[in-house]
A.B. asks: 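The structure is given below, and queries will be raised subsequently.
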Amino acid sequence: MLVAGNWKMNLDLPAARQLTANVVTSIGKTVHTKVAICPPFVDLDATFNLLHGSEIRLGAQNMHELDSGAYTGEISAAMLKSVGCHYVILGHSERREYFGETNELIARKAQQAQKYRLIPIVCVGEMLAQRDGDRQNAVVEEQVRQSLQGISIASGSELVLAYEPVWAIGTGRTASPDQVEEMHTHIRSLLIELFGQKMGYAIDILYGGSVKSSNASELFARSNVDGGLIGGAALNAEDFASIVKSAESAAAA
Ligand code: PGA
């Protein structure tokens, strides 16, 4: 199980420090669950220092696909590594929708992340109209295939997928456990096709979209759900800790 908190464009440095300290205290030690927080770029260095001594890992929310150069405002994989990042979220639907990120770009970023030994959390998910038109499986399949172009896998732990239906993000409208399980099973079969049986099973598939302490247990209990990518609820240490606890219980069951 992996539970990652996506803080999005929230929290200035003092607030990020405070939340990190609270998360470290509230979560303590986990046995079956890897935990990560993904603060904004400017908070990464300070939060990494506060994670010292805990097993909580650090992730970034985006990254440029090239090594370095004249790309004003961009952040490279090497920079993320140098401030202690272990993960990087790539292709979040907000980046696809508001910043024009395509599957092809996301694939280049994912390859670049792997080159620097950052674990990409590659996000996929359909829009409401696509779900209403019953096209979610085809849409997500295309995203998975194209966003993972050129990615190679040696152990399965160097790649994470996140299924986040756009209509469930920040809306309070969670996908039902049946909808989540159905899509995760579809993604699992694609990963097995792309990377083989062993690797395909080893890759964690997270669900994201209005995961809360009240619904985490029923989602994490489903097969092929290996954890969550948590937005709003990750901004509250107690809520986030309670979601991590649900992952621990699901893994132990
Ligand atoms: P949410 O966001 O939990 O606030 O719906 C999830 C995400 O966008 O990763």
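Ligands are counted one by one from 1 in listed order, and the atoms in each one are counted from 1 as well. Each residue takes its place number in the sequence, starting with 1. Just so you know, these numbers come straight off a predicted model, no measurement behind them.
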A.B. asks: Looking only at protein heavy atoms, which one is nearest to atom 3 (O) of ligand 1, and what is the separation?
C.D. replies: Gly231 N, 2.9 Å
A.B. asks: Taking atom types as modelled, is there a side-chain donor on Glu181 or Ser223 under 3.5 Å from an acceptor on the other?
C.D. replies: yes
A.B. asks: Output, in order, the C-alpha distance, side-chain angles, deciding distance and verdict of side-chain hydrogen bond (donor to acceptor under 3.5 Å, both in side chains) for Glu164 and His92.
C.D. replies: CA-CA 8 Å; Glu164 301 203 302; His92 189 281; 3.2 Å; yes
A.B. asks: Give the atom numbers and elements of ligand 1 that come within less than 4.0 Å of a heavy atom of Gly232.
C.D. replies: 1 (P), 3 (O), 4 (O)
A.B. asks: Does at least one non-hydrogen atom of Lys8 fall below 4.0 angstrom from an atom of ligand 1?
C.D. replies: yes
A.B. asks: May I ask you to check whether Ser246 and Ser217 show a side-chain donor-acceptor distance below 3.5 Å?
C.D. replies: yes
A.B. asks: Do Leu11 and Leu235 touch side chain to side chain, with heavy atoms closer than 4.5 Å?
C.D. replies: yes
A.B. asks: Which atoms of ligand 1 are found less than 4.0 Å from any heavy atom of Gly209?
C.D. replies: 5 (O)
A.B. asks: Ignoring hydrogens and angles, write down the donor-acceptor pairs under 3.5 Å from the side chains of residues 13-20, residues two or more places apart or on other chains.
C.D. replies:
from, atom 1, to, atom 2, distance (Å)
Gln18, NE2, Asn22, OD1, 3.3
Thr20, OG1, Ala16, O, 2.7

A.B. asks: Give the atom numbers and elements of ligand 1 that come within less than 4.0 Å of a heavy atom of Gly170.
C.D. replies: 1 (P), 4 (O), 5 (O)
A.B. asks: Pull out every atom of ligand 1 sitting under 4.0 Å from any heavy atom of His92, numbered as shown with elements.
C.D. replies: 7 (C), 8 (O), 9 (O)
A.B. asks: Heavy-atom contacts with Ala168 under 4.0 Å: which atoms of ligand 1 show up? List them by number with element.
C.D. replies: 5 (O)
A.B. asks: Keeping to residues at least two apart or across chains, list the ring-ring contact (aromatic ring centres under 6.0 Å, His included) pairs with something in residues 147-174.
C.D. replies: Tyr163-His184
A.B. asks: Give the atom numbers and elements of ligand 1 that come within less than 4.0 Å of a heavy atom of Asn6.
C.D. replies: 9 (O)
A.B. asks: Quick check on contacts: which atoms of ligand 1 are under 4.0 angstrom from a heavy atom of Glu164?
C.D. replies: 6 (C), 7 (C), 8 (O), 9 (O)
A.B. asks: Should Glu126 and Arg131 count as an ion pair when the cut-off is N to O under 4.0 Å?
C.D. replies: yes
